[in-house]
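Right, one structure below, let's go through it.
Quantities reported herein were computed from a predicted structural model and do not represent experimental measurements.
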Amino acid sequence: MAMSGMRGLSVFISDIRNCQNKEQERLRVDKELGNIRTRFKNEKALTPYEKKKYVWKMLYIYMLGYDVDFGHMEAVSLISAPKYPEKQVGYIVTSSLLNENHDFLRLAINTVRNDIIGRNETFQCLALTMVGNIGGREFAESLAPDVQKLLISSSCRPLVRKKAALCLLRLYRKNPDVVNVDGWADRMAQLLDERDLGVLTSSMSLLVALVSNNHEAYWSCLPKCIKILERLARNQDIPQEYTYYGIPSPWLQVKTMRALQYFPTIEDPNARRSLFEVLQRILMGTDVVKNVNKNNASHAVLFEALALVMHLDAEKEMMSQCVALLGKFIAVREPNIRYLGLENMTRMLMVTDVQDIIKRHQAQIITSLKDPDISIRRRALDLLYGMCDVSNAKDIVEELLQYLSTAEFAMREELSLKAAILAEKFAPDLSWYVDVILQLIDKAGDFVSDDIWFRVVQFVTNNEDLQPYAAAKAREYLDKPAIHETMVKVSAYILGEFGHLLARRPGCSPKELFSIIHEKLPTVSTSTISILLSTYAKILMHSQPPDSELQNQIWTIFKKYESSIEVEIQQRAVEYFALSRKGAALMDILAEMPKFPERQSALIKKAEDNEVDTAEQSAIKLRAQQQSQTSNALVVTEQSHVNGTPPVGQLSLVKVPSMSSNVDEADQRLSQENGTLSIVDSQPPSADLLGDLLGPLAIEGPPSSSVHLQPSSNSGVEGTVVEATAIVPAGEQANSVQPIGNIAERFHALCVKDSGVLYEDPYIQIGIKAEWRAHQGHLVLFLGNKNTSPLVSVQALILPPTHLKMELSLVPETIPPRAQVQCPLEVINLHPSRDVAVLDFSYKFGNDMVNVKLRLPAVLNKFLQPITISAEEFFPQWRSLPGPPLKLQEVVRGVRPLPLLEMANLFNSYHLTVCPGLDPNPNNLVVSTTFYSESTRAMLCLVRIETDPADRTQLRMTVASGDPTLTFEMKEFIKDQLVSIPAIATRVPTQPAPTSPPLAQPGSAPAALTDPGAMLAALL
Amino acid sequence: MINFVLLISRQGKVRLTKWYSPYSQKERSKVIRELSGMILSRAPKQCNFVEWRGHKVVYKRYASLYFCMCIDQDDNELEVLEIIHHFVEILDRYFGSVCELDLIFNFHKAYYILDEILIAGELQESSKKTVARLIAAQDSLVENAKEEVSSLSNIIAQATK
């Protein structure tokens, strides 16, 4: 029928189909494109019918895969044709050829708008459909209000309104602000009363998008969704045409349940009961039937119900029913149901208290690991990975290893990585871990990255009990023919370090070990040769007394490689040859490697970086949660904050040169004789000490001969103090030492940088240098004495908040004159909090007792790592966090009116990364960061800031993360930065000059000269 | 949401494409090539979902044609599988036992039929009766326009006679 109307198009299609090969087809296509191009140049001669025909031909050619780089204007121009047939072609072809970024679309906005606001219903439908399919931001800003009017207009028929709903959905995705206008939530609630199921289906899709971003505004829609669900579940008043294989509008049921998943847990008992009745009916009432389409439709509803039950955090009984149901699904023959059963079981792991129930299906899941379908195998692998813990790790990992031999290449790398991670996290004992990794290398060496065997080396080095076992295992593998090169590397390394522990075993003498390792040399690459050379040197070192034959063999090898073309190999050979001729000294130089510091596994980090699959992300989160609950059998070494940071010992007094003292006395006598009394102020400028702040402190202990001067010095000081006290007026004793500079300002400066001065007064300066890594911080306090007299009674006490574990090294009681003492301070962040640690510091100088309480800059943002994410990463994460307490929103007032760029810089200074381009509104900021603590481990935190250009003192902030405490603390933290109370400028205190009465000095001098005790001490 | 719809024959020929997410022309060609290879090599007894580039492709074969829809990772797969079937049933009703040739020579009609079922990558209408009615109305509009042209020709012919 239609063919008669488009004969030219049909003929063209027939010609194309009759072409014998690709070349002929290309010739025919080029001929037609040439013809069309010619006709379009003379556009005035074209009838609307002809233009329509040529545009369809262009679309057909485009669909075949050929580039069509002209004629777009003609397609777009048809949109403004007065007649329906031409207009239809214009709209359809434009939305198929172009995407939202094409420039020509901008030309059509006005025409499209006229169609939308016009009275012609058919034109409205064409326009709404095109905008819904390819509308971009400019369409959103221009057309959203008009589309909204259509959607809620009572004079519009359903066929227009349902298109308006989906068109609005598109516009919302491009620019959410054009839809979130006041009162729109009420309109949405009214739409849900719609009787036409077509309009309702489209409106529900729109609602899903709206609540996924902002459920707070749409609470009134919640009871209506439940009502719709009840109506559908009971098949109440559902027209026959909306029943699909006996199921009332399965798509609408799925959409409605999806919308409900974006609201937080329902608290209203009536609503909750109604909803659970519906869900119960769905879960229990769905059977497997012969008709495949009915099966698919009913199970689509069922799986969505499962997701909703998980979201609502139902009672344990219902969860058990769900797991039992999934257990049936993973055992059926129908592959779609099996796939979805495995996937949903993986998601179920996110729910607490069902892990044990899921474990009962372990054997069945392992069967799916061997399914012919790679899609199902992938799901099974992810589920096994997610459900693994200490109790079943052995079984699961061994199954993975078994499967590895037969798995296809596409899955081997993933299998290897997952097996290695599970082995590391859940190893029942270390020797099993070594077995697993060596098997992994043996079976799939190409897919085992260096990270994996490095990790084995770390564990073996750090656990002495493991060393003989690992060495024996390595020895076994070296006996195999054709082992993988990675196996050569790890075995050679282990035997070099620990092979001597096997010396008394048969076949394991140094000579024998060397021989078996050396057999591999001809087949390995240069990087492995380097390792082998090190191994040879180690074997030589352990052979005491030296075996001259072995020695000569190894020396010969070193000699050979001294002329290697590889610099690394050459250097090693030369050095090892020279070293190995040093005799006994060799043992010191080539002793065993020291223990490795414990840090986050590179494997786990790699896995986290690589995962893009939602189910796998869920598994990773679960792993992070389990990390704090499951004891890690592999962590047997001392904590890193103890290793390598020995406490600073008590420092002795620096010797005071006696000649200097004598000179001082002579000067004082001369002054006295001249009748002019003056005290020379020898206090050095601050700049000197500041220059030393971050440098290494070199203080030599006093020689033992200085001991005899100690009593004399003490006695003199005591005398001075006694005399001074008797003379000084009472008022001066109350004078307190004033700090230099603003303490609060110094603190805030240190919050955004890692070194600087924390506190300063006339006598002391306290500086800080900090390094932050993940949830740990390593700080050093620099206590600098600015005077030529010692500071005594020094005390430093850390008052930690509950969320920080802090350990300060021993602080010396006395800081020598002009000396700087370094005190390491270790910080571990346990969980998110904005509380601040305090350093309670006190010391005594002369008459002055100084006590200050200083805030330490171990603050929230120190545990943030900047991270930039793309739209593909941001939006799934943003949507996956439904609402409070994981996603919090607040309107903040009293904001400092910063330009947007300055606000972005402020965020960046706190390690909150501003991600450009994610929010189409230029007045908004999207921020991402990773927060570290012991409880959350590495957790992504997302923030959205919506500013008001008309009033920069207020904004709306939305914060989202996977931890409710982190979300709350981050929200408050950001508020604190944005709503800073302007600091009142503190008057800089004038420095009171410390003065001693001049009379004190002559008084003490005669006393010292005539005191029998002093004279006796001097003689001694 | 559905990112795109793809109809390919068993020989890998493209019969229909519809893109709801923005892809450039170059990207589209690459996607088609990559997906054709992946889908056509799967065995008949395997499940109808394939993971691909962080998305999922739901596909089903009808006679010599594979209907493929690329969806987001967390969308409901069976729901989309039945959207495919819904589309096929409507095509079948419209063309009367639809076959590949119908779609080849009437691909332009398949486009506006699809536009009555999906907009913005979401299901618009799940009633086959309603869709059929709307398609008939559009056909009627096109036919009416033709008749007007024909009438005008007759008048001119008579006047010159």
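- Contact of the Tyr339(A) side chain with the Glu77(B) side chain is registered, since non-hydrogen atoms from C-beta on lie closer than 4.5 Å.
- Contact count against chain A (heavy-atom pairs under 4.5 Å) is highest for His85(B) among His85(B), Lys45(B), Lys129(B), Glu125(B).
- Atom-to-atom distance recorded for Ser127(B):OG and Leu197(A):CG is 9.0 Å, nearest 0.5 angstrom.
- Each of Val50(B), Asn76(B), Leu134(B), Asn48(B) has some count of heavy-atom pairs under 4.5 Å with chain A, and the biggest count is that of Asn76(B).
- Within the 4.5 Å cutoff, the side chain of Glu51(B) has heavy atoms near those of the Arg379(A) side chain.
- Below 4.5 Å, heavy atoms of chain A meet heavy atoms from Arg15(B), Leu16(B), Thr17(B), Lys18(B), Trp19(B), Tyr20(B), Pro22(B), all part of residues 15-22 of chain B.
- For Leu81(B), the part lying near chain A is the side chain, with the backbone staying farther off; criterion is any non-hydrogen pair under 4.5 Å.
- Here Arg28(B) is the residue among Glu116(B), Arg28(B), His86(B), Lys26(B) with the most heavy-atom pairs under 4.5 Å with chain A.
- Only the side chain of Tyr245(A) comes within contact range of chain B, with heavy atoms under 4.5 Å apart.
- In this structure the side chain of Ser96(A) reaches within 4.5 angstrom of the side chain of Tyr111(B), judged on heavy atoms.
- Between Thr130(B) and Glu241(A), the closest side-chain pair of non-hydrogen atoms falls below 4.5 Å.
- The heavy-atom pair separating Lys163(A) from Ile119(B) by the smallest distance is CG-CD1, 3.7 Å.
- Both the backbone and the side chain of Ile104(B) come within less than 4.5 Å of a heavy atom in chain A.
- For the atom pair CG of Leu123(B) and CG of Leu252(A), the computed distance is 9.5 Å after rounding to the nearest 0.5 Å.
- Across all their heavy atoms, Phe105(B) and Ile13(A) have their closest contact at CE2-CG2, 3.6 Å.
- The part of Leu9(A) that comes within reach of chain B is its side chain, from C-beta onward, which places non-hydrogen atoms under 4.5 angstrom from that chain.
- The closest side-chain heavy-atom distance from Glu79(B) to Arg258(A) is not below 4.5 Å.
- Identified by a heavy-atom distance below 4.5 Å to chain A, the contributing residues of residues 1-14 of chain B are Met1(B), Lys13(B), Val14(B), in residue-number order.
- Both the backbone and the side chain of Asp67(A) have a heavy atom closer than 4.5 Å to some heavy atom of chain B.
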> Where do Arg42(B) and Ile374(A) land on the side chain to side chain contact (heavy atoms under 4.5 Å, CB included) test, with the steps shown first?
Replying inline: CA-CA 9 Å; Arg42(B) 285 179 64 81; Ile374(A) 189 172; 4.0 Å; yes
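- Using a 4.5 Å heavy-atom threshold, the side chains of Val93(A) and His108(B) count as separate.
- Interface remark: of the candidates Phe12(A), Phe303(A), Trp251(A), Trp251(A) forms the most heavy-atom pairs closer than 4.5 Å to chain B.
- Taking every heavy atom of both residues into account, Arg173(A) and Ala120(B) meet most closely at NH1-O, 3.1 Å.
- Looking only at side-chain heavy atoms (C-beta outward), Asp115(B) and Asn133(A) come within less than 4.5 Å of each other.
- Residue Val131(A) does not touch chain B at all, counting heavy-atom pairs closer than 4.5 Å.
- Side-chain atoms of Phe49(B) and Asn336(A), non-hydrogen and from C-beta on, do get closer than 4.5 Å to each other.
- Both the backbone and the side chain of Ile83(B) come within less than 4.5 Å of a heavy atom in chain A.
- Contact annotation for Gln138(B): both backbone and side-chain heavy atoms come within less than 4.5 Å of a heavy atom of chain A.
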